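Below is one structure, written out as C-alpha cells; the observations come after it.
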Amino acid sequence: MSLRVGIDLVQVSRIAESLAEFGDRFLRRLYTDGEIAYATAAPALTHARLAARFAAKEAALKALGLGGEGVDWRQIEVRRASSGACELALHGATAQHARDLGIAELALSLSHEGDYATAVVVSTSNVPTSPTP
Amino acid sequence: MTDKIRTILKEHGRLSKDATSLGEDEDLYQAGMTSHASVNVMLALEGEFDLEFPDHMLKRSVFESIAAIRGAIEELQG
C-alpha cells in the first residue's frame with residue numbers, strides 16, 4: 001500500500017474577488033450544485049466555504065497525483081456528512097483515474113480562519129509508489 | 001493575441017513579475033501564479049477570446065507559459 005498527501009491554501013478574499021468578477025461562470029465551472037447550495041445557505045460564510053472547497057479540490061489533485069491531467073473540478077466534490085465531517089466524492093473521468101491509480105481511500109480535512117482556508121487530503125493506494133526491483 | 005494574453009496575465013495572474021516583459025516560455029507558476037489565479041486567467045481568456053476550455057485542457061501544462069496558452073487558444077480557434 002502507498003500513501004500520498006496533498007495540501008492547499010486559499011485566500012478567502014480572492015475567492016470573493018473571483019465571484020465578483022466572473023459571477024455564475026466561476027461558480028458553475030468549479031462547484032457542484034450541492035457545494036453551491038451548502039456554501040450559499042449561510043451568506044456570511046459563503047466565501048470561506050467556497051475557498052475551503054477549492055482548496056479541497058486542489059489538495060485532492062495533489063494527493064491523487066492528477067495535477068498533470070485535465071480534470072473537471074466538479075468531478076471532485078466535497079460532501080458534508082450528517083456528523084458534520086466532510087468527505088470527498090469523485091465522479092466521472094476523475095473517479096476512473098483514481099480507480100486506474102489503485103486509489104483505495106481518500107480522507108479530507110478542512111479548516112478556515114480569517115482570510116485563509118486550507119485543506120489536506122490523504123490517499124491510500126493499492127499500488128506501491130516505488131516499484132520493487 | 002500575445003499582447004491580450006499578457007494583459008490578462010497582468011490583471012489576473014497575480015505574478016511577481018511584470019507580465020509585459022515575461023519570456024514567452026517562462027514558467028508562470030514559477031513566476032507566482034497560484035492554481036486559483038490560473039482559474040481566473042482561464043475565465044478571463046474565455047471571455048476575451050469567446051471560447052471555452054474543454055475539461056481535457058484544464059491542466060497545469062496548458063497554462064504554464066504564454067506560448068502554451070497561445071497554443072491552446074489557437075487549437076480551440078481551429
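What you see is a predicted model, and the numbers here were worked out from it, not measured in a lab. Throughout, a chain's letter reflects where its sequence line sits, starting with A, and its residues are numbered from 1.
A salt bridge is absent between A/Glu35 and A/Arg79; no separation between the charged side-chain nitrogens and carboxylate oxygens falls under 4.0 Å.
Both the backbone and the side chain of B/His36 come within contact range of chain A, judged by heavy atoms closer than 4.5 Å. For a residue to count as touching a neighbouring chain, one of its non-hydrogen atoms must lie under 4.5 Å from one of that chain's; by this rule A/Ile15 touches chain B with backbone and side chain alike. Heavy atoms of A/Glu21 lying under 4.5 Å from chain B belong exclusively to its side chain. With a 4.5 Å cut-off on non-hydrogen atoms, B/Ala44 touches chain A through its backbone and its side chain both.
Of the residues considered (A/Gln11, A/Arg29, A/Glu58), A/Arg29 shows the highest number of contacts with chain B, using heavy-atom pairs under 4.5 Å. Chain A forms the most heavy-atom pairs under 4.5 Å with one residue out of B/Thr34, B/Leu43, B/Leu58, B/Val39, and that residue is B/Leu43. Options B/Arg60, B/Lys59, B/Glu46 differ in how many heavy-atom pairs under 4.5 Å they form with chain A, and the most are formed by B/Lys59.
Side-chain N/O atoms of B/Asp25 and B/Ser65 include no donor and acceptor closer than 3.5 Å.
Under the side-chain hydrogen bond (donor to acceptor under 3.5 Å, both in side chains) test applied with A/Thr32, the options A/His91, A/Arg53, A/Glu77 reduce to a single match, A/Glu77.
A donor-acceptor contact shorter than 3.5 Å is absent between the side chain of B/Arg14 and the backbone of B/Gly32. Side chain of A/Gln75 to main chain of A/Thr94: a donor-acceptor pair is present (N/O by atom type, distance under 3.5 Å, no hydrogens or angles).
A heavy-atom distance below 4.5 Å is not found between the side chains of A/Thr124 and A/Leu106.
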